[in-house]
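Lettering follows sequence order; numbering is per chain, from 1. Predicted model, so just to flag it, every value in this text is computed and none were measured.
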Amino acid sequence: MAIDETNAAGAGAAAGGKRNFIHDIIDEHNRTGRFGGRVHTRFPPEPNGYLHVGHAASICLNFGIAETYGGKTNLRFDDTNPTKEDQEYIDAIIRDIHWLGFEWANLLYASDYFEQLYQWAETLIQNGKAYVDQLSADEIREHRGTLTEPGRNSPHRDRPTAESLDRFRRMRAGEFKNGEMVLRAKIDMSSPNINLRDPVLYRILHAHHPRTGDAWCIYPMYDWAHGQSDSIEGITHSICTLEFEDHRPLYDWFVEQLGIYHPQQIEFARVNVTTMITSKRKLLRLVKDGVVRGWDDPRMPTISAMRRRGYTPKAIRDFVEMVGVSRSGGIADIQMLEYCVRQDLNKIAPRTMAVLHPIKVVLTNYPEGQVEWFDSPVNPEDPTAGTRQVPFSKELYIEAEDFMETPPPKFYRLSPGKEVRLRSAYFVTCSEVIKDADGRIVELRCTYDPATRGGDAPDGRKVKATLHWVSAAHAVTAEVRLYDYLLTVPKSGDMDEDKDFMEYVNPNSLEIIDHAYIEPSITGAPVGKQVQFERVGYFTVDPDSTAEKLVFNRTVTLKDEWTKLQKQGG
RNA sequence: AGAGGGAUAGUUCAAUGGUAGAACAGCGGCCUUUGGAGCCGUCAGUCCUGGUUCGAGCCCAGGUCCCUCUGCCA
């Protein structure tokens with residue numbers, strides 16, 4: 001089955017979000033007329049992995065800013081390193097941004113500008129601002145100096161312009177092997193900003209590029225490609241993360257040297273979330289090592305994974321807005337995300353009864369062979385959603401954890417002699433506990449009160465608990481996958497620096513229930529369908545589902561007062 | 001140690017020289033045919049030391065702590 005994308009947010013995603021410091025900067029630009037009142041942002045992913053929750057924040061920021069100011073946003077792939085990039089990632093990124101509910105003004109690639117970037121590089125050489133260096137990578141590193149010591153000039157730094165030009169052209173022509181030469185900007189080897197110590201502009205990479213094929217064997221570095229791409233596209237505000245702050249002088253230097261349109265780079269703090277890894281390198285390892293089933297494994301922090309898990313675009317956008325934008329890095333509690341997911345799903349997810357860990361209940365005074373169909377609300381939060389019909393009979397399943405033979409204080413659910421309500425059906429009282437030879441409970445005998453039909457007692461008596469249930473004869477069997485956090489510590493800072501992060505991968509992050517019982521109204525649910533299993537949590541139909549057997553992912557649990565009480569009790 | 005940034009409730013953000021607020025989390029209560037949802041209440045903070053000012057989270061000085069940077073990655 002394919003993912004049902006009909007639940008993707010339409011165009012016109014939620015408004016730009018709450019105010020942040022970038023609005024102040026743009027307002028100032030508009031006041032001074034720097035960009036003529038224009039706002040044009042871009043989202044520039046490198047297609048070397050799947051987008052994750054941190055990218056979602058950047059996407060919402062860039063598209064949100066443009067929307068707030070009536071501007072535009074380009075999607076531009078930063079595809080300058082063919083050894084790491086792949087068409088699969090390009091396709092996934094496009095799918096994910098669309099699913100989040102955003103539409104770009106232009107779909108572009110840095111590789112669209114390779115020829116222009118090359119010409120500008122020749123200009124730089126001709127102006128004496130760049131040179132071909134043939135030091136090895138090790139030698140360049142050695143010449144670069146350290147954080148506290150200045151670097152030294154390359155012996156090739158002052159070679160004649162014509163010689164650099166000739167060699168650069170021959171680099172392009174493919175006359176040299178990988179690593180033999182590079183083009184470097186001629187700036188200042190003693191700059192305290194290491195990015196300004198004659199940064200490499202081009203390296204030789206005899207590699208096939210997903211878009212330009214074998215047309216090039218030299219590829220521009222990020223610093224050389226990014227600002228000029230922004231300039232070409234008329235980007236006004238080039239929003240990136242904090243680690244590029246040190247690169248801004250270089251960004252500015254290039255466009256000034258070239259005398260071309262000058263966008264404004266603005267840095268903000270990357271969004272991190274507890275228990276979520278946002279290092280592409282580590283995510284790639286989880287995938288390659290088979291710790292997870294793929295980039296879209298519902299335990300992953302990728303947008304694809306969150307979609308498969310049942311998160312909604314609205315929930316993710318709400319979360320990003322809740323976290324906000326700042327220049328002081330931090331780590332947001334994943335409970336904020338979960339709150340947003342519950343908040344959205346509570347309003348839209350149809351209710352269903354499903355028993356994950358069944359225990360059989362026999363109603364001793366219920367007529368053999370009788371079946372009643374009860375109306376139950378599809379969604380109590382949304383009366384217009386109507387009702388569904390749920391079959392009831394003599395033999396039922398309830399959740400094993402809803403029964404305790406010797407209940408502790410505050411356990412409101414079923415126990416011997418205790419009366420509870422079965423949701424939308426009857427009050428029942430437990431009369432007998434049947435055990436097997438090993439003393440394990442295998443069945444409960446209960447009586448029902450016919451007068452409580454529909455779930456209300458005409459004499460006004462109350463019960464403390466309402467349980468979900470499924471008629472044994474009508475139950476649909478399904479596989480249910482329960483997920484826990486992928487990491488055993490909330491923050492990467494909580495890990496021992498000497499240990500590999502793999503040691504902190506939660507070995508119990510996936511629990512598979514092969515035979516859950518679900519009420520028959522679930523039959524035919526399409527992939528991507530989101531439901532609430534009452535009293536249990538929100539679930540969605542996984543693409544692994546077949547016509548014979550549905551597979552569900554647990555999106556998020558419901559808040560659970562009882563579990564909390566138990567934990568408090570020790 | 002050099003350069004660049006950052007420090008406000010447990011967490012993420014507001015407060016733009018004039019009463020330090022919100023959300024999430026926590027705690028307590030109300031309500032409930034989901035121990036859900038909702039509603040109400042509550043706990044809790046300006047990194048430190050000086051200075052300017054009628055008044056400082058905000059401005060100034062000094063300090064402390066944290067983050068980023070020594071890829072032919074982005």
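Backbone-only engagement by A:Ser328 is indicated by non-hydrogen atom pairs under 4.0 Å involving sugar-phosphate atoms exclusively. Contacts of A:Asp246 with the nucleic acid, taken as non-hydrogen atoms under 4.0 Å apart, include base atoms. Residue-level contact check: A:Leu135 touches the bases, meaning some heavy atom is under 4.0 Å from a base atom. A:His226 comes within 4.0 angstrom of no nucleic acid atom, judged by non-hydrogen atoms across all strands.
Across all strands shown, B:rC39 forms a Watson-Crick or G-U wobble pair, both distances under 3.5 Å, with B:rG29. Remark: B:rA22 base-pairs with B:rU12. Criterion, Watson-Crick or G-U wobble with two distances under 3.5 Å.
Taking atom C1' on both B:rU8 and B:rC65, the two are 16 Å apart, rounded to the nearest angstrom. Distance noted for atom P between B:rG10 and B:rU52: 32 Å (whole Å). Nucleotides B:rG62 and B:rC58 place their P atoms 16 Å apart, quoted to the nearest Å. Look at the C1' atom in both B:rA14 and B:rG57: the space between them is 12 Å, to the nearest Å. Between B:rG6 and B:rU46, the distance separating the two C1' atoms is 15 Å to the nearest Å. Rounded to a whole angstrom, the distance from the C1' atom of B:rG21 to that of B:rA44 is 13 Å. B:rG45 sits 14 Å from B:rA22 when the P atoms are compared, rounded to a whole Å. Taking the C1' atoms as reference points, B:rA56 lies 31 Å from B:rA25, given to the whole Å.
Whole-Å rounding puts the A:Asn379 CG to B:rG36 C1' distance at 11 Å.
Counting distance only, with no hydrogens placed and no angle test, the side-chain atoms of A:Glu381 and the base atoms of B:rG36 include a donor-acceptor pair under 3.5 Å. Residue-to-nucleotide contacts include a donor-acceptor pair under 3.5 Å from the side chain of A:Gln532 to the base of B:rU34. Taking 3.5 Å as the limit, the base of B:rG35 and the side chain of A:Arg413 contain a donor-acceptor pair of atoms between them. For B:rU70, its base never sits under 3.5 Å from the side chain of A:Arg197 at any donor and acceptor pair.
Applying the 4.0 Å criterion to OP1 and OP2 of B:rC73, one finds that A:Arg203 has a side-chain N or O inside that range. Applying the 4.0 Å criterion to OP1 and OP2 of B:rG36, one finds that A:Arg342 has every side-chain N and O outside that range. OP1 or OP2 of B:rG35 sits under 4.0 Å from a side-chain N or O of A:Arg535. A close approach under 4.0 Å does occur between a side-chain nitrogen or oxygen of A:Arg327 and OP1 or OP2 of B:rG6. In this model, the phosphate group of B:rU12 is not approached by any side-chain N or O of A:Gln335 to a distance below 4.0 Å at OP1 or OP2. Not one side-chain nitrogen or oxygen of A:Tyr222 sits closer than 4.0 Å to the OP1 or OP2 atom of B:rC73. A:Thr80 has no side-chain polar atom (N or O) that falls below the 4.0 Å cut-off from OP1 or OP2 of B:rC73. Contact annotation: A:Lys564 side-chain N/O to B:rC27 OP1/OP2 distance is under 4.0 Å.
Nucleotide B:rG29 is shown with an anti base, its glycosidic torsion being more than 90° from 0.
Proximity of a side-chain donor or acceptor of A:Ser229 to a complementary backbone N or O of A:Ala110 within less than 3.5 Å is not detected.
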